[in-house]
There are 2 protein chains.
Amino acid sequence: MEYQEAKEKFISTWGSLGSMWGINKAMAQIQSLLFISTKPLSMEEIMEELKISRGNTSMNLRQLMDWGIVSKELVPGERKEYFTTEKDVQELARHIAKERSRREIKPVIKVLKDVSSIKDDGTAKTKELIKQTKALHDLAETADAMMNKIVTQEQNWITKSLLKLLK
Amino acid sequence: MEYQEAKEKFISTWGSLGSMWGINKAMAQIQSLLFISTKPLSMEEIMEELKISRGNTSMNLRQLMDWGIVSKELVPGERKEYFTTEKDVQELARHIAKERSRREIKPVIKVLKDVSSIKDDGTAKTKELIKQTKALHDLAETADAMMNKIVTQEQNWITKSLLKLLK
DNA sequence: CTAAACTTTCAATAATTATTGAAAGTTTAG
DNA sequence: CTAAACTTTCAATAATTATTGAAAGTTTAG
């Protein structure tokens, strides 16, 4: 496999993966492109590489900046804006985990808490609803907490020792 | 909040969440409905509760069975098929994590491995591609392994002690 | 201040994905 | 074996989501 093929494969795989972390294709592809680029890229360059329109590029870059994983880079003497993404995978994972938690997981936990707190009228179906949503609530909270803790740590020693412990 | 409202809120929240674990709305809603039901439900009952067509119900039930989180229950003396979902959240999480890993994460890890193994032609851009995809590969593998281990364990003692350790 | 160089917005449209429902298929009671 | 009771399939359609591109907006060099 040559450079160009590998690059395209990476971008398209990572792009289609976007949905896993609640991000659309173009957004994920722009991030991928920046992630393996050796230098900041301008909007023109991104449009051309990915064959997407100016509007699309602009909107998705903004979203990536909202997620905190892409930032503007000003090149002195240049009028254009250039963009870079966080290059450290650990940091990237931290940002993504934090945003997902905030945008998606936390609100769901809230709903589960509300639903599981309705008053018990004694009927079997109400009891079941309360029991099951409470169980999900606890699971979701634990999972969310673990994810954040793990990803927030100075990874190396703790991850390694956890993995050993869990094997 | 009364039973009916709580139920609807739960089903619609959990349903819209489906996309987080790569499942469509109807599929997630059917699972939710079964999850808080006190008894197995027939296709008719599911259709009626969720206001979805017979075909839709049939297809999504099949998918849920493929995921291994819903199963047929035969009620003696009845011609119809009845359905139940795994009621234990721990088991549910295990199944979901396992399927996601198999369907989505493992294939991506494979691509990352391939891409990061292209021959180094000495150029900066090739070096960067290799370095970055290798880093992602390692991260993805570690995350996948941890998720599976955690979710596979007899949760209680290990989860609790891990959480303490991580706090 | 002006105009060129750029970016953003957003209505129209294209692409994708989910849903319907009727026809075909399957199972079982009798 | 037959027909009723059910389930599945799948082409057509509806709903949702992403994309385009031109017009409007913004910034800065001169």
Side-chain angles (χ1 to χ4, degrees), chain A residues 11-34 40-67 70-85 103-104, chain B residues 11-34 40-67 70-85 103-104:
Chain A
I11 290 173
S12 84
T13 304
W14 208 241
S16 69
L17 196 72
S19 59
M20 260 182 64
W21 28 296
I23 259 175
N24 78 22
K25 206 179 72 183
M27 205 172 147
Q29 291 188 335
I30 293 172
Q31 200 276 330
S32 313
L33 184 62
L34 293 173
L41 299 178
S42 67
M43 238 173 65
E44 291 290 341
E45 290 168 307
I46 295 169
M47 285 167 61
E48 190 170 313
E49 280 268 15
L50 302 177
K51 311 254 183 289
I52 58 179
S53 71
R54 187 176 298 284
N56 202 0
T57 308
S58 170
M59 285 170 122
N60 286 107
L61 276 169
R62 160 187 281 282
Q63 282 202 77
L64 284 163
M65 289 189 287
D66 288 348
W67 270 72
V70 161
S71 46
K72 279 186 189 165
E73 184 112 337
L74 292 180
V75 173
E78 284 269 23
R79 187 71 181 279
K80 284 205 225 11
E81 295 174 324
Y82 285 79
F83 300 89
T84 45
T85 188
R103 292 171 192 228
E104 304 183 59
Chain B
I11 290 172
S12 83
T13 305
W14 207 241
S16 69
L17 196 71
S19 59
M20 261 183 62
W21 27 297
I23 259 176
N24 78 21
K25 205 180 71 182
M27 205 170 147
Q29 290 187 335
I30 293 173
Q31 199 276 330
S32 313
L33 184 62
L34 293 173
L41 299 178
S42 67
M43 238 171 67
E44 291 289 342
E45 291 169 308
I46 295 168
M47 285 166 62
E48 190 169 312
E49 281 267 14
L50 302 178
K51 310 255 182 289
I52 59 178
S53 72
R54 187 175 299 282
N56 203 359
T57 308
S58 170
M59 283 170 121
N60 286 108
L61 276 169
R62 161 185 280 282
Q63 283 203 75
L64 284 163
M65 291 189 286
D66 288 348
W67 271 71
V70 161
S71 46
K72 280 189 189 163
E73 183 112 338
L74 291 178
V75 173
E78 285 268 22
R79 188 71 179 280
K80 284 206 221 22
E81 294 175 324
Y82 286 79
F83 300 89
T84 44
T85 188
R103 294 172 191 227
E104 304 182 60

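Lettering follows sequence order; numbering is per chain, from 1.
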How many Å lie between CG on A/Leu61 and P on C/dC6, as a whole number? 16 Å
Counterpart residues, side chain to side chain donor-acceptor pair (under 3.5 Å), relative to B/Glu44 (two or more places apart): B/Arg54
So which protein nitrogen or oxygen atoms get under 3.5 Å of nucleotides 12-18 of chain D's nitrogens or oxygens?
none

List the residues meeting side chain to side chain donor-acceptor pair (under 3.5 Å) with B/Lys80, not counting sequence neighbours, and say none if there are none. none
When B/Thr85 is tested against each of B/Ile30, B/Val70, B/Leu33 for side-chain contact (heavy atoms from CB on, under 4.5 Å), which residue passes? B/Val70
Of B/Asn60 and A/Met59, the one whose nearest nucleotide on DNA chain C sits closer to the 5' end is A/Met59
Using side chain to side chain donor-acceptor pair (under 3.5 Å) as the criterion, list what pairs up with B/Glu49, not counting sequence neighbours. B/Lys7
So, with a heavy-atom separation below 4.0 Å from DNA chain C, the residues of residues 70-83 of chain A are A/Arg79, A/Lys80, A/Glu81
Starting at CZ of A/Arg62 and ending at P of D/dG25, how long is that distance when rounded to a whole Å? 16 Å
Taking all heavy atoms of A/Gly18 and all of A/Ala28, pick out the closest pair and write down the distance. CA-CB, 4.0 Å
Residues at least two apart in sequence or cross-chain that pass side chain to side chain donor-acceptor pair (under 3.5 Å) with B/Arg103, listed by chain then number, are B/Glu99
Residues passing the side chain to side chain contact (heavy atoms under 4.5 Å, CB included) test with A/Thr84, sequence neighbours excluded, are A/Pro40, A/Ser71, A/Glu73
Rounded to the nearest 0.5 Å, how far does CZ of B/Arg79 lie from CG of B/Leu74? 12.0 Å
Atom CG of B/Leu41 and atom P of D/dT7 are separated, to the nearest Å, by 13 Å
Between A/Leu34 and A/Phe83, the two heavy atoms sitting closest are CD2-O, 3.4 Å
Contacts of type side chain to side chain contact (heavy atoms under 4.5 Å, CB included), residue A/Glu48, not counting sequence neighbours: none
I'd like a table of donor-acceptor pairs (distance under 3.5 Å, sequence neighbours excluded) in which one partner is a side-chain atom from residues 56-66 of chain A, with atom names and distances.
unit_1: A/Thr57; atom_1: OG1; unit_2: A/Ser53; atom_2: O; d: 2.8
unit_1: A/Asn60; atom_1: ND2; unit_2: A/Asn24; atom_2: OD1; d: 3.2

Return one dot-bracket line describing DNA chain D 5' to 3' (Watson-Crick or G-U wobble pairs, both distances under 3.5 Å; ( ) same strand, [ ] crossing, | another strand, . none). ||||||||||||||||||||||||||||||
Near DNA chain C, which residues from residues 43-54 of chain A have a heavy atom under 4.0 Å away? A/Met43, A/Arg54
For B/Glu45, enumerate each residue passing the side chain to side chain contact (heavy atoms under 4.5 Å, CB included) test, keeping only those at least two apart in sequence or located in another chain. B/Lys39, B/Leu41, B/Ser42, B/Tyr82
Can you tell if the side chain of B/Leu50 reaches within under 4.5 Å of the side chain of B/Ile11, non-hydrogen atoms only? yes
